[in-house]
**Q** 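Please find one structure pasted underneath; my questions will follow.
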Amino acid sequence: MKKKKIIVGNWKMAPRTIDEAKKTFAGIKKTASKLRNVDTVMCPPFVYVEALALRVSGKRLSLGAQDSFWKEEGAYTGEVSSAMLHSLGARYVIVGHSERRAMGETDDMVSKKTDASLRAGLTVIICVGEQSRDQHGEYTKRIEEQLKQSLSQVQKKSLPNIIIAYEPIWAIGANAIRPASPEDVLEVSILIRKVLTNMFDRESSQIVPILYGGSVDAKNCGSFMNEGGANGLLVGRASLDAKQFSEILKVAEQSAKKK
Ligand code: PGA
């Protein structure tokens, strides 16, 4: 496993203007470009990808998108293909985010998007996570099912371009009950690694980074990496605040150095 941490900022449908996006991005870039042990990936709305990609220099900071469609081109009004995103400078894409699943995205669609994105040369961040927890561990079955279906078309040789983000729905966004605990994160990382080992093999499963996402902030971020064993983070709200996000990047740098 690479010792570098991967910190992904998911801006969702924000900020309101390109000027604001450029300003926040510039603030983040200042810190991200200095950190040797952190790969920073910013995922703005589609319409900002190109302008921000043009502001990237070096390999420490990259652009990603929050979704993409599985067809290469054609009569699919409103959709954006992975190849289009790649041509604008995006190198990553998030698929299967719970907010998209809530709008009807199925595991089968996630699988098709993953496959198309890999073919277009993007690294795919696949989100998995349960709606709620039960005492009998039924929720682990849902996570396992999501992983198996999302990765059903992925070949072993593509695993270096796969990232799994564990995002329990109950821990995400303004309605979150609470962030997951480092123990929750560790438990599910072990489960994810086990499912990957069964699907592929032990050695290949080790190269897939597992991130945690859900109410991550500058205060709690270290615990998910240091005690929770996460290889990085997927950050929503806190990634829109350049100062706070930069703090998270610095904590990740320290955490990578410890290992
Ligand atoms: P949050 O969102 O950090 O605002 O909880 C995380 C996500 O949805 O990716």
Side-chain angles (χ1 to χ4, degrees), residues 5-16 20-21 24-25 28 32 38-46 48-49 62-68 90 92-105 110 113-114 117 122-133 139 142-143 146-147 150 162-182 184-185 188-189 192 209-225 228 230-252:
K5 299 292 179 198
I6 301 171
I7 308 294
V8 182
N10 174 13
W11 279 0
K12 308 190 180 184
M13 201 177 75
R16 281 171 192 239
E20 243 182 283
T24 307
F25 191 78
I28 292 169
V38 179
D39 285 333
T40 304
V41 181
M42 297 314 297
C43 300
F46 287 140
Y48 300 156
V49 169
S62 313
L63 260 292
Q66 300 168 17
D67 185 29
S68 73
Y92 292 78
V93 63
I94 298 172
V95 298
H97 190 278
S98 58
E99 286 156 13
R100 298 222 55 88
R101 290 180 189 266
M103 288 188 263
E105 185 156 302
V110 175
K113 289 179 178 187
T114 301
S117 300
L122 298 176
T123 292
V124 188
I125 304 160
I126 302 173
C127 300
V128 297
E130 75 281 5
Q131 186 79 46
S132 58
R133 286 208 167 194
Y139 66 92
R142 177 69 193 121
I143 298 169
Q146 286 177 333
L147 278 171
S150 312
I162 295 284
I163 295 171
I164 306 291
Y166 171 50
E167 293 218 312
I169 298 170
W170 49 266
I172 294 177
N175 297 324
I177 305 172
R178 61 168 173 90
S181 68
D184 295 331
V185 176
V188 176
S189 309
I192 293 173
I210 300 173
L211 316 184
Y212 167 71
S215 302
V216 172
D217 60 28
K219 283 206 187 91
N220 64 20
C221 62
S223 69
F224 303 120
M225 295 179 281
N231 306 116
L233 305 164
L234 177 44
V235 186
R237 285 158 292 166
S239 69
L240 282 157
D241 174 345
K243 208 165 146 229
Q244 180 165 192
F245 193 65
S246 298
E247 285 309 311
I248 295 174
L249 295 177
K250 287 183 207 158
V251 173

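Remember, it's 1-based here, ligands and their atoms both numbered in the order they're listed.
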**Q** Tell me, with the steps shown, if D184 and R133 meet salt bridge (charged side-chain N to carboxylate O under 4.0 Å, His left out).
**A** CA-CA 11 Å; D184 295 331; R133 286 208 167 194; 3.2 Å; yes
**Q** Near L234, which atoms of ligand 1 are under 4.0 Å from a heavy atom of that residue?
**A**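 Within the 4.0 Å cut-off of L234, ligand 1 contributes 9 (O).
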**Q** Nearest 0.5 Å, what's the CD-CD1 distance between Q131 and I169?
**A**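 Atom-to-atom, Q131:CD and I169:CD1 are 4.0 Å apart.
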**Q** Does V235 reach ligand 1 with a nitrogen or oxygen that is under 3.5 Å from one of the ligand's nitrogen or oxygen atoms?
**A**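 In this structure, V235 places no N or O atom under 3.5 Å from an N or O of ligand 1.
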**Q** Could you tell me whether the side chain of F245 reaches within less than 4.5 Å of the side chain of T24, counting heavy atoms only?
**A**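 No, their side chains stay 4.5 Å or more apart.
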**Q** Could a heavy atom of G173 be found less than 4.0 Å from some atom of ligand 1?
**A**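 Yes, that is the case, since the closest heavy atom of the residue is under 4.0 Å from the ligand.
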**Q** I'd like the name of whichever of E167, Q66, H97, K12 reaches closest to atom 2 (O) of ligand 1 through any heavy atom.
**A**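 Going through E167, Q66, H97, K12 one by one, K12 has the nearest heavy atom to atom 2 (O) of ligand 1.
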**Q** Rounded to the nearest 0.5 Å, what separation is found between the NZ atom of K5 and the CD1 atom of I248?
**A**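 If I round to the nearest 0.5 Å, the distance is 14.5 Å.
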**Q** Heavy-atom count check: over 12 atoms from other residues, nucleotides or ligands less than 6.0 Å from R16 CZ?
**A**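 Counting other residues, nucleotides and ligands, CZ of R16 stays at 12 neighbours or fewer.
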**Q** Please say whether G214 places an N or O atom under 3.5 Å from an N or O atom belonging to ligand 1.
**A**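 By distance alone, the answer is no.
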**Q** Among all protein non-hydrogen atoms, which one is nearest to atom 3 (O) of ligand 1, and what is the separation to 0.1 Å?
**A**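 Answer for atom 3 (O) of ligand 1: G236 N, 2.9 Å.
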**Q** Would you kindly specify which portion of I172 sits under 4.0 Å from ligand 1, judged on non-hydrogen atoms: side chain, backbone, both or neither?
**A**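 For I172, backbone and side-chain atoms both sit under 4.0 Å from ligand 1.
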**Q** Quick check on side-chain contact (heavy atoms from CB on, under 4.5 Å): which of V8, L211, N10, I7 does V235 satisfy it with?
**A**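 Among V8, L211, N10, I7, the one meeting side-chain contact (heavy atoms from CB on, under 4.5 Å) with V235 is I7.
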**Q** Which residue and non-hydrogen atom of the protein lie closest to atom 4 (O) of ligand 1, and at what distance in Å?
**A**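 Ranked first by proximity to atom 4 (O) of ligand 1 is R237 NE, 2.7 Å.
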**Q** Say you draw a straight line from CD1 of I126 to OG1 of T114; how long is it, rounded to the nearest 0.5 Å?
**A**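 Going from the CD1 atom of I126 to the OG1 atom of T114 covers 4.0 Å.
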**Q** What are the atoms of ligand 1, with element, lying closer than 4.0 Å to any heavy atom of N10?
**A**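 Here the atoms of ligand 1 in question are 9 (O).
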